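All values derive from a computational prediction rather than experimental measurement. Remember, it's 1-based here, ligands and their atoms both numbered in the order they're listed.
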Amino acid sequence: MPIRSITREFIGKPIRCKAAICKKSGEPLVIEEVELDPPKSWEVRIKILCTSLCHSDVTFWKMDSSAPAAKFPIILGHEAVGVVESVGEHVEEVKEGDLVVPVFLANCGECRDCESRKSNMCSKFGSGAIRDMPRDGTSRFRDMNGKVVHHLLGVSSFSQYTVVDVTHVVKIHHHFPLHMACLLSCGVSTGVGAAWKVADVEKGSTVAIFGLGAVGLAVAVAAKQRGASKIIGVDLNQDKFEIGKQFGVTDFVNPSSCNDKSVSEVIKDMTDGGADYCFECIGLASLMAEAFNSSREGWGKTVIIGVEMHGSPLSVSSYSILKGRTITGSLFGGFKPKTDIPLLANKYLDKELNLDGFVSQEVDFKDINKAFDYLLQGNTIRCIIRMDH
Ligand SMILES: NC(=O)c1ccc[n+]([C@@H]2O[C@H](COP(=O)([O-])OP(=O)(O)OC[C@H]3O[C@@H](n4cnc5c(N)ncnc54)[C@H](O)[C@@H]3O)[C@@H](O)[C@H]2O)c1
Ligand SMILES: [Zn+2]
Ligand SMILES: [Zn+2]
């Protein structure tokens, strides 16, 4: 049976499937059977075909169990592609068999923010139901003892099936390559959007990217496509220079080889006073400040993409801001998922945007913990997790 096909026998009923459950902060995921309810009104049940590990999953995985936002057991995973198995009442946008990308950011299309050109922060459903379903705050997953298992970021893709609110679902062309669709679900779209929509990088500009994971490399690809003259990668992993060159990185700074200078001083020297655009794609407040300090006085713009791993506050000098530098941030690169993912998909198909090279490993679902090992060891860009069905 082709993997994309769906069976109709569970429509309207709970379905039993395998999910990788995170039972405690920082512990390996455990693959177990769960029961998943049918979709309620405005919800979509999706058969996940493949998923991948974004650093934000690791941040939630590591979150201290005593943190107010922490809820265990939980099903992580928010970068994925799948096929619609069934839909709840009022769902007209997608139907059984459609290929869809679930996204952590809601896009209702009707609220003030969704209607504004200036925002992608859907104010009706918020910036991601961090836990459980956005409309009623309950979970659709239970373990075999009937105990609730929580959702993450409105997606929970580390499961053979998941239920997602329709505002978090984007339909894509049925023949679109699965791995690429998976990448567009979070990391790659986020990086491209940050460069194109948030920073609006222009031809000839200088760019500094802190962190050359999938997100940072996507910033590089997008900055190159806009004609940036210098794209400086900053990473502790020296191998990322050679890797980065394939994505448009032209220069490299390893913070551990800066001797007595700070990274920002080195970048200022390399850019005749500071980079036009700086991006933080790691998730550490100290590096967000360093990125900001690397930006040029007068017009330098810093975009925060990283999710601070420890929740630490950011401290920058107000005098630096007086000198005309700006600092901003974005979720999902400022893109509106429902309109911008299909646009990016078309740009990829039309060869206007080269997104090859992001998949560095593939593992079977049963080996999902290997994806965590690769990311923690720093030798991955994106690891695709193939779902078995
Ligand atoms: N804002 C959003 O919407 C959004 C979306 C996706 C990911 N993110 C965040 O973006 C960040 C990057 O995600 P990713 O999946 O590309 O991560 P990743 O782990 O794949 O890449 C991070 C890179 O940073 C480097 N690095 C780590 N610590 C460093 C340090 N102290 N100095 C220099 N380099 C260092 C690593 O070597 C690695 O190359 C994460 O914080 C993630 O949570 C945000
Ligand atoms: Zn992500
Ligand atoms: Zn909205």
Side-chain angles (χ1 to χ4, degrees), residues 51-62 76-80 102-116 119-128 134 152-153 155 157 165 167-168 182-194 198 209-220 233-241 243-244 249 252-256 258 263 279-288 290-291 303-310 328-338 358 360 371-372 374-383:
T51 179
S52 43
L53 182 64
C54 166
H55 202 114
S56 304
D57 288 310
V58 173
T59 301
F60 284 107
W61 172 69
K62 281 187 179 167
L76 305 172
H78 64 279
E79 206 176 74
V103 190
F104 75 88
L105 195 67
N107 188 183
C108 78
E110 291 167 358
C111 70
R112 193 171 165 204
D113 287 69
C114 282
E115 282 188 341
S116 165
S119 165
N120 69 341
M121 299 297 301
C122 176
S123 40
K124 192 163 171 194
F125 292 98
S127 55
L152 178 79
L153 293 175
V155 178
S157 55
D165 194 272
T167 55
H168 288 255
C182 189
L183 299 172
L184 291 181
S185 169
C186 181
V188 167
S189 296
T190 296
V192 173
V198 185
I209 305 167
F210 286 65
L212 296 181
V215 174
L217 292 169
V219 172
V234 180
D235 206 295
L236 280 175
N237 178 353
Q238 189 64 34
D239 296 344
K240 290 290 173 98
F241 189 22
I243 293 169
V249 172
F252 189 75
V253 177
N254 187 331
S256 57
C258 287
V263 173
F279 298 85
E280 202 276 355
C281 315
I282 297 168
L284 287 169
S286 56
L287 295 170
M288 295 173 188
E290 202 58 33
V303 183
I304 305 298
I305 309 174
V307 178
E308 224 294 339
M309 298 174 201
H310 315 290
T328 184
S330 72
L331 287 174
F332 206 64
F335 276 157
K336 291 184 196 287
K338 298 224 188 222
F358 280 93
S360 49
F372 281 72
Y374 294 140
L375 196 129
L376 293 171
Q377 288 156 10
N379 50 16
T380 186
I381 303 174
R382 274 300 189 253
C383 178

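- Angle SG (Cys122) to the Zn ion (ligand 3) to SG (Cys114): 110°, rounded to 10°.
- Not close to ligand 1: Gly333, with no non-hydrogen atom less than 4.0 angstrom away.
- Looking at Lys240 against ligand 1, only its side chain comes within 4.0 Å, counting heavy atoms.
- No donor-acceptor distance shorter than 3.5 angstrom exists from the side chain of Asn237 to the backbone of Asn379, with no hydrogens or angles considered.
- Close contacts between ligand 1 and Leu331 involve ligand atoms 1 (N), 3 (O) [criterion: under 4.0 Å to a heavy atom].
- Heavy atoms of Gln238 found under 4.0 angstrom from ligand 1: none, in either backbone or side chain.
- Heavy-atom contacts of Cys186 reach the following atoms of ligand 1: 5 (C), 6 (C) (cutoff under 4.0 Å).
- Ligand 1 places these atoms under 4.0 Å from at least one heavy atom of Phe332: 2 (C), 3 (O).
- Ring-plane geometry between Phe252 and Phe241 is classed as parallel, the angle between the planes falling under 30 degrees on a 0 to 90 degree scale with a further cut at 60.
- The Phe104 neighbourhood of ligand 1 comprises atoms 3 (O), with distances under 4.0 Å to a heavy atom of that residue.
- Between Arg382 and ligand 1, at least one N/O pair is under 3.5 Å apart.
- When each atom of ligand 1 is checked for a heavy atom of Gly283 under 4.0 Å away, the hits are 41 (O).
- Set against the non-hydrogen atoms of Gly306, the atoms of ligand 1 under 4.0 Å away are 9 (C), 10 (O), 11 (C), 41 (O).
- Within the structure, ligand 1 lacks Met309 among the residues with a heavy atom less than 4.0 angstrom away.
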